[in-house]
There are 2 protein chains.
Amino acid sequence: MYICSMYSKELLKGTLSAIVLKLLAENGKMYGYQITQMVKQLSDNKILLKEGSLYPALHKLKDEGLITVETENIGKRVRHYYTLTQEGIKVKDAKEAELKDFINTISKVITSQL
Amino acid sequence: MYICSMYSKELLKGTLSAIVLKLLAENGKMYGYQITQMVKQLSDNKILLKEGSLYPALHKLKDEGLITVETENIGKRVRHYYTLTQEGIKVKDAKEAELKDFINTISKVITSQL
DNA sequence: TTGCATACATCGTAAATCTATGTATATTTG
DNA sequence: CAAATATACATAGATTTACGATGTATGCAA
């Protein structure tokens, strides 16, 4: 990976977990690398998740009980598939709503001219 | 102040300087407290800037040469008015464009269902 | 066989905002 | 008038979050 996101990294803060939860909600079980590729694709190469961001984030979501892990052997490789829990679905809904509202609000502030 | 923003604080990261620069661009010279009140108003009380966020951010923008300070005595009080520099205008334009693009991209990612 | 893509992991760092706290004046309200 | 609230600034320390760098290893294509 090792390629920089188009955006200042601070902008992504607070949105990563919402994005991951949303993708899992839409696509069922996914594994880490697959998530990075889908985010890359959906964002037209503008958001390039780093391993140092995604894997710790996934582990945290698991520790919080929002996702569960399922291990699958692909040849000699091990792949970790993640799935939303019931609690994860709830949190995903909340985070999605919050993010959408935030985007609305910021848009209002940034476009307004009193 | 001491009232929490409606949003998880992380969401605001990366947007604060863009917001401040944008407000200064639209309104000419402004002082700190005035900025907090205008953000509060424009966001329908959803974004409540804390002193501990705004003042350090303003000092940083000043150190970076993006804004200049002008002191005014209001009775026994001192008020610090901030104004965009030429460089500040450029950075404001860039940050505004970046933020708008980021919002577009995030919206796409969060609403998409492959 | 050399490089690139896939696939995971983690340590230490940097950046940004918030919490808490402090100082002080001005205004409003009971 | 006293008390509470609003105005107005400031900063030290804590927290959070994502990233950079690095490491391991397999699979595939040039």
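Convention: sequence-line order gives letters A, B, ...; per-chain numbering from 1. The analysis underlying the following values was restricted to heavy atoms, covering all of them including side chains, and did not include hydrogens, waters or symmetry mates.
Evaluation of atom-type donor-acceptor distances gives a pair under 3.5 Å for the side chain of B:Lys13 against the base of C:dA16.
Nucleic acid contact class of A:Ile74 (heavy atoms, under 4.0 Å, all strands): none. Within 4.0 Å of A:Gly52, counting heavy atoms only, lies at least one base atom of the nucleic acid.
OP1 or OP2 of C:dA9 lies within a sub-4.0 Å distance of a side-chain N or O belonging to A:His59.
A:Met30 has its CE atom 14 Å from the C1' atom of C:dA7, to the nearest Å. The distance from atom NZ of B:Lys95 to atom P of C:dA15 is 13 Å, rounded to the nearest whole Å. Straight-line distance from the CG atom of A:Leu11 to the C1' atom of C:dA15: 12 Å, rounded to whole Å. Between A:Leu58 atom CG and C:dC8 atom P there is a gap of 9 Å when expressed in whole angstrom units. Atom-to-atom, CD of B:Glu10 to P of D:dT15 comes out at 13 Å; the value is rounded to the nearest Å. Look at OH on B:Tyr31: it is 4 Å from P on D:dA8, rounded to the nearest Å.
For B:Arg79 and B:Glu70, the salt-bridge test fails: no basic side-chain N is under 4.0 Å from an acidic carboxylate O. Using a 4.0 Å cut-off between charged nitrogen and carboxylate oxygen, A:Lys13 and B:Glu10 do not count as a salt-bridge pair.
Among D:dA10, C:dT10, C:dC8, the nucleotide with an atom closest to any side-chain atom of A:Arg79 is C:dC8.
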